[in-house]
There are 2 protein chains.
Amino acid sequence: MSKQDGRVDLGLTSVQECWSPLVGEPLDESRAAELSRVFKAMGDPVRLRLLSLIASHAGGEACVCDLTDVFELTGPTISHHLKVLREAGLITGERRGTWVYYRVLPEALGRLSEVLTPATVSELSIPAPAQGDAVVGT
Amino acid sequence: MSKQDGRVDLGLTSVQECWSPLVGEPLDESRAAELSRVFKAMGDPVRLRLLSLIASHAGGEACVCDLTDVFELTGPTISHHLKVLREAGLITGERRGTWVYYRVLPEALGRLSEVLTPATVSELSIPAPAQGDAVVGT
DNA sequence: ATCTTGCTTCGACATACGTCTATATTTACA
DNA sequence: TGTAAATATAGACGTATGTCGAAGCAAGAT
């Protein structure tokens, strides 16, 4: 994907460290399984909104009652979705008194964005290492 | 989620543009539906590997025959998964002669990473706008 | 023309998933 | 102790999804 066609040539030969895991080299079976579990958890509109509601809630956390009201779904259904997000490692829940508070695990989102971001570092508005090119680690 | 707790305060008051859509404000129903369709497409190990294989293949594209060999799955199944990725807007296919070549749509990955990245910009190694803070557009 | 090869579509099937109601569990409070 | 409120779990049910084999469609080869 470098020299012989019309696309950007970053002048890198040992490129792997610079590219995302996704586009740099074929994902191996186990990493794909691992990653797909997280994406699958986000592959439902209700769960995405839950994630977003939790993340954007004041204090970075939200109790289940805050979340249940937003949807026209029963408690058990919300509880189920929260469990899926929890088991995907995207959120964590803590009981305080009668209520259970959920918050997003930032590392999880971070790892995910790592998978996607570098793929398009040249096309995005993210300030890429400017006279970069020489950045290749080792 | 800014001043009153122990977390990073970027000194921003009108913060939305700086945060990802996901953590900045609750995702509205239609955007969540839209996004979740893409995540759902990536929520399968085979499809993730297909995406990765296409992206990392020489020339940035791969023909279906290149992909089929990698898996112990029948042609129709691979074809089905490619269709899902296509309909999610993640890849595009072009017929040249007998073969069909697929390539990843970089904007799609870009948009996705936009959703995730800024959420953790402070914890990642991505060079964030340095004396930034003033970056808030309008 | 007909055959072959590469890929897609169709139809069927088993399993996974989202939702519900009913029931359990945990904690607070009278 | 008992009752009420907030979540979670269990079980059931319909729909969606991943997989396959068989059949269809293009495009080159004979």
Side-chain angles (χ1 to χ4, degrees), chain A residues 27 29 32-54 57 59 61-88 90-104, chain B residues 27 29 32-54 57 59 61-103:
Chain A
L27 233 42
E29 215 166 329
E34 190 185 327
L35 262 177
S36 69
R37 252 178 285 122
V38 184
F39 283 127
K40 185 185 294 195
M42 298 203 293
D44 178 279
V46 174
R47 286 197 292 267
L48 258 193
R49 290 178 69 197
L50 282 171
L51 201 59
S52 178
L53 280 166
I54 296 168
H57 199 270
E61 65 182 13
C63 89
V64 180
C65 56
D66 292 327
L67 305 169
T68 307
D69 298 345
V70 178
F71 302 89
E72 300 199 331
L73 293 169
T74 63
T77 298
I78 298 298
S79 203
H80 161 70
H81 285 305
L82 289 171
K83 186 181 191 176
V84 173
L85 290 171
R86 221 186 314 128
E87 289 177 342
L90 285 166
I91 61 175
T92 181
E94 182 200 354
R95 164 155 237 146
R96 289 207 296 278
T98 312
W99 298 274
V100 175
Y101 293 89
Y102 281 96
R103 48 177 63 240
V104 171
Chain B
L27 233 43
E29 218 166 329
E34 190 186 327
L35 262 177
S36 69
R37 256 180 281 121
V38 184
F39 283 127
K40 185 186 291 198
M42 298 203 292
D44 177 281
V46 174
R47 286 197 291 267
L48 258 193
R49 290 178 69 198
L50 282 170
L51 201 59
S52 178
L53 279 165
I54 295 168
H57 199 271
E61 64 181 13
C63 89
V64 179
C65 57
D66 292 327
L67 304 169
T68 308
D69 299 345
V70 178
F71 302 89
E72 300 199 332
L73 292 171
T74 64
T77 298
I78 298 298
S79 203
H80 161 70
H81 284 306
L82 289 171
K83 184 182 193 176
V84 173
L85 289 171
R86 217 184 320 125
E87 289 179 340
L90 285 165
I91 61 175
T92 182
E94 181 200 355
R95 164 156 237 146
R96 288 208 295 279
T98 312
W99 296 275
V100 175
Y101 293 88
Y102 280 97
R103 52 176 59 243

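Chain A is the first sequence line, chain B the second, and so forth, proteins listed ahead of strands; every chain is numbered from 1. All values reported here derive from a predicted model rather than from experimental measurement.
Checking dT8(C), dC20(C), dT7(D) against every side-chain atom of Ser79(A), the shortest atom distance belongs to dT7(D). When distances run from any side-chain atom of Thr74(B) to the nucleotides dT19(D), dT19(C), dC20(D), the shortest one goes to dC20(D). Of the candidates dC20(C), dC7(C), dA8(D), dA8(D) carries the atom nearest the Val100(A) side chain, counting heavy atoms from C-beta on. Relative to the side chain of Pro76(B), the nucleotides dC20(C), dT26(C), dG21(D) differ in distance, and dG21(D) lies closest. Closest to the side chain of Cys65(B), from the set dA6(D), dC7(C), dG18(D), is dC7(C). Distance from the side chain of Val64(B) is smallest to dT8(C) among dT8(C), dT7(D), dG18(D). Here dT26(C) is the nucleotide among dT26(C), dT19(C), dA27(D) with the atom lying nearest to any side-chain atom of Arg95(A).
dT17(D) atom C1' lies 13 Å from atom CD of Glu87(B), rounded to whole Å. Look at NZ on Lys40(B): it is 12 Å from C1' on dA16(C), rounded to the nearest Å. Between Glu94(A) atom CD and dT7(D) atom P the separation is 13 Å, expressed in whole Å. In this structure, Glu72(A) places its CD atom 16 Å from C1' of dG18(C), rounding to the nearest Å. In this structure, CG of Leu82(B) is placed 13 Å from P of dG18(D), rounded to the nearest angstrom. Atom C1' of nucleotide dG6(C) and atom CG of Asp66(B) are separated by 12 Å, given to the nearest angstrom. Whole-Å rounding puts the Asp44(B) CG to dT15(C) P distance at 17 Å. Look at CG on Leu50(A): it is 14 Å from C1' on dT7(D), rounded to the nearest Å.
Heavy atoms of Leu73(A) sit under 4.0 angstrom from primed sugar atoms or phosphate atoms, though from no base atom. Within the 4.0 angstrom heavy-atom criterion, only backbone atoms of the sugar-phosphate kind lie near Arg47(B); the bases stay farther away. If you check every strand for non-hydrogen atoms under 4.0 Å, Tyr102(B) touches sugar and phosphate atoms only. If you check every strand for non-hydrogen atoms under 4.0 Å, His80(A) touches a base. Gly97(A) comes within 4.0 angstrom of sugar-phosphate atoms only, judged by non-hydrogen atoms across all strands, and of no base.
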Margin query: side chain to side chain contact (heavy atoms under 4.5 Å, CB included), that's the test. Do Leu67(A) and Leu82(A) meet it? Break it down for me.
Written below: CA-CA 10 Å; Leu67(A) 305 169; Leu82(A) 289 171; 4.0 Å; yes
Margin query: Using the rule given for side chain to side chain contact (heavy atoms under 4.5 Å, CB included), can you reason through Ile78(A) versus Val70(A), listing the C-alpha separation, both sets of side-chain angles and the distance that settles it, and then say yes or no?
Written below: CA-CA 10 Å; Ile78(A) 298 298; Val70(A) 178; over 6 Å; no
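By the 4.5 Å heavy-atom criterion applied to side chains, Tyr102(B) and Arg86(B) are counted as neighbours. Looking at heavy atoms from C-beta onward, Asp44(B) lies out of side-chain contact with Lys40(A) at the 4.5 angstrom threshold.
In this structure a side-chain-to-backbone donor-acceptor pair under 3.5 Å is present from Asp66(A) to Cys63(A). At least one donor-acceptor pair under 3.5 Å links the side chain of Arg95(A) to the backbone N or O of Gly97(A).
For the pair Thr98(A) and Lys83(A), nearest-nucleotide mapping onto DNA chain D gives the more 5' position to Thr98(A).
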